[in-house]
Amino acid sequence: MERRERMKFSKVYAMVTLLLFSFVRDISALSVTVNDVECVYEYVLYEGDTVSGNFVVVDHDIFWSSDHPGIDFIVTSPAGNTVHTLKGTSGDKFEFKAPRGGMYKFCFHNPQSTPETVSFYIHVGHIPNEHDLAKDEHLDPINVKIAELREALESVTAEQKYLKARDARHRHTNESTQKRVIFYTVGEYLLLALASGLQVMYIRRLFSKSVGYNRV
Amino acid sequence: MRKERRKGETYLGDGEEQHDGTNGVRNIRVSKAAEERAERSNFVLNFVIITDLSINPKKGGLLLLLLSTTLTQSVRFDLQSAHTKCIAEDIKADAMTVGNYKIINPNEPNHPMPDSHKITVRVTSVKGNNYHYADRVESGQFAFQAREPGDYMACFWAADHKPPITITVDLDWKSGVSAKDWSNAICIAYAKSGNLAGFVLHHSQKKGQCSVNAKAKVMQLELEKLFETVTSIHDEMFYLREREEEMQKLNVATNSRMGFLSFLSLVVCLSVAGLQLWHLKTFFEKKKII
């Protein structure tokens, strides 16, 4: 029973990794550590393509410090103007229509000095329209529908990747909370015992013979 | 072993090249427009055979061949000299990962790459096992099977150079596994195209000539891939559900632990105060003050 369960579990794992396997114009959800600025380039083939994606700041080891204020996210078109901006977030989704084809730059800015790990996913989706249909005689209207269906499924996949990254971040927060609870509570006990011990010692010293007999 | 992946060949992991045992390639240009578009976009649609030890209880872990098509579009980033950049991904156990990296030539397309543009690459697992290491290369590829689930990291390091230079690295990282037996399905097709329409046909392994019914076969492929996508989405939902359950258990445990520790702190406080009082009382009685 246990062996079958274990096999089923690994089969689920193996099937789940299908999700990470890209079919069309896709990269897996990658993580990168942002010290100051990290830029990633992605090529957009056609003008009018929908570029969608998400990113989540999966920070770790937040034991001592408070929560990170968030990072900035800037998308620059090949012409140099900013297409999309998100400031001070710890994770968000984005979607925009590419005004022209070319190499787009996706940059993460970290305002603080502590390095943060960002898990991002960018997807460039293209649906052939009537113009493409007219140009290419082998393109069927059904291909348009298939492309639309594929894009819709890609958006579901992207949403799942976002949820997974947020879940990872949530897990870090929870584990940090557990560690903090234990550490701070035990520290509180020790400090309490120490404070009372010091009090007792002080009072004893006040009443000891060596420090003046009747001064108190 | 560094080898450029030539079109028309299938490759198996770590730079090995293996022909699919057929007689060769027959080019069939279906549309010139598609060809032109591919030239402009300069990426290829090719088939990758990835083997995976799929856990199939019936077949008892036989090697099943995956055949799938990917349009490989990659992520690019800049690397300053004497700096390290790492890209990581959370991979499940028994997942196959394939990566291709190359340095973009800053010179004219026909001129050779400057000698200073070389990077050192290392791919490591969660525990620190080394899966791939290449020293001072311009391009390469790696493939591995993830033994344990966790973050797998590909780190790139550019050697120091007197005027600091910036190297653009192009990384194509694909991970995931689909163990499906396609061998009885359709011809293995290899295409250089930006859309579904154009492709090149190989001879099939099992049958003789492939029919040139390109569109229907491609559509069949596409629909089967969509079905696989839906299945994988479904499975990912199960996975997310499990994770949420684990997290809920963790939260409940934290909650009860905090309640217990607060109560304990009250007990500790009262006992410490009581000890203090008792100790001082006996002390004063000993000193004959009380």
Side-chain angles (χ1 to χ4, degrees), chain A residues 4 7 10-33 39-43 45 124 128 135-140 142-143 146 149-150 153 156-157 160 163-164 167-168 170-171 174 177-178 181 185 188-189 192-193 196 199-200 203-204 207, chain B residues 30-31 33-34 41 54-55 57 68 70-71 73 75-78 86-89 92-95 173-179 194-197 215 219 222 225-226 228-233 235-236 238-240 243-244 247 250-251 254 257-258 261 265 268-269 272 276 279-280 283 287 289:
Chain A
R4 233 187 303 143
M7 280 184 143
S10 0
K11 186 166 191 234
V12 166
Y13 262 176
M15 289 296 275
V16 156
T17 55
L18 264 180
L19 188 74
L20 300 170
F21 201 79
S22 56
F23 291 131
V24 176
R25 287 175 212 179
D26 209 354
I27 51 171
S28 317
L30 302 172
S31 356
V32 71
T33 309
C39 287
V40 165
Y41 299 86
E42 186 86 18
Y43 191 76
L45 262 183
V124 179
K135 266 203 314 196
D136 191 358
E137 65 273 10
H138 287 271
L139 205 55
D140 228 347
I142 199 172
N143 284 113
I146 290 181
L149 189 59
R150 189 173 52 231
L153 286 179
V156 179
T157 309
Q160 279 188 328
L163 287 176
K164 197 159 83 133
D167 176 89
H170 199 185
R171 180 177 282 260
N174 282 343
T177 304
Q178 263 234 341
V181 158
T185 315
E188 179 194 327
Y189 295 165
L192 194 64
S196 90
Q199 272 182 328
V200 167
I203 292 177
R204 281 172 72 118
F207 282 96
Chain B
V30 179
S31 91
S41 69
S54 160
I55 314 296
S68 63
T70 53
L71 227 58
Q73 192 169 22
V75 69
R76 244 174 226 219
F77 53 91
D78 287 329
C86 291
I87 294 219
E89 187 179 357
K92 318 263 188 335
D94 295 327
W173 175 289
K174 298 192 292 279
S175 87
V177 128
S178 155
N195 67 17
L196 318 167
K215 267 197 322 193
M219 223 175 282
E222 279 297 308
K225 281 193 304 190
L226 286 177
E228 264 183 38
T229 311
V230 169
T231 314
S232 71
I233 287 175
D235 290 325
E236 183 81 357
F238 286 143
Y239 171 72
L240 285 174
R243 294 274 287 201
E244 195 270 336
M247 188 150 340
L250 185 68
N251 275 343
T254 306
R257 201 178 279 200
M258 217 161 75
L261 286 173
S265 101
V268 163
C269 193
V272 159
Q276 253 188 330
H279 179 79
L280 284 173
F283 176 70
K287 296 278 178 194
I289 296 176

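Only a predicted model underlies this, so the values are computations on that prediction, with no experimental measurement involved. Letters A, B, ... mirror the listed sequences (proteins, then strands); counts begin at 1.
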| request: Let me know which of Leu149(A), Ile142(A), Ile146(A) forms a side-chain contact (heavy atoms from CB on, under 4.5 Å) with Glu222(B). | output: Ile146(A)
| said: Please give me the minimum heavy-atom distance between Tyr239(B) and Lys164(A), naming the atom from each residue. | reply: CE2-CD, 3.6 Å
| note | Rounded to the nearest 0.5 Å, the CZ atom of Arg150(A) sits from the OG1 atom of Thr229(B) at a distance of 9.0 Å
| pair Asp78(B)-Cys39(A): side-chain heavy atoms closer than 4.5 Å | no
| request: Taking all non-hydrogen atoms of both residues into account, name the closest pair between Asp167(A) and Glu244(B) and its distance. | output: OD1-N, 4.3 Å
| message | Looking at Met258(B), I want to see if its CE is surrounded by more than 12 non-hydrogen atoms of other residues, nucleotides or ligands under 6.0 Å. | response | no
| note | Max heavy-atom pairs within cutoff under 4.5 Å with chain B, candidates Asn174(A), Val181(A), Thr33(A), goes to Asn174(A)
| said: Report which part of Ser196(A) has an atom under 4.5 Å of a heavy atom belonging to chain B: side chain, backbone, both, or neither. | reply: both
| Minimal non-hydrogen separation, Leu240(B) against Gln160(A), with atom names | CD1-O, 4.2 Å
| field | Minimal non-hydrogen separation, Phe283(B) against Phe207(A), with atom names | value | CE2-CB, 3.9 Å
| message | Return the NE2 to CD1 distance between His279(B) and Ile203(A), rounded to the nearest 0.5 Å. | response | 9.5 Å
| said: Donor-acceptor check, side chain of Glu89(B) to backbone of Leu30(A), threshold 3.5 angstrom: yes or no? | reply: no
| request: State the CD-CZ distance between Glu42(A) and Arg76(B), to the nearest 0.5 angstrom. | output: 10.0 Å
| task | Measure from the side-chain N and O atoms of Ser31(A) to the backbone N and O of Ala88(B), and report whether any donor-acceptor pair falls under 3.5 Å. | result | yes
| request: State whether the side chain of Tyr189(A) and the backbone N or O of Ser265(B) hold a donor-acceptor pair below 3.5 Å, judged by distance alone. | output: yes
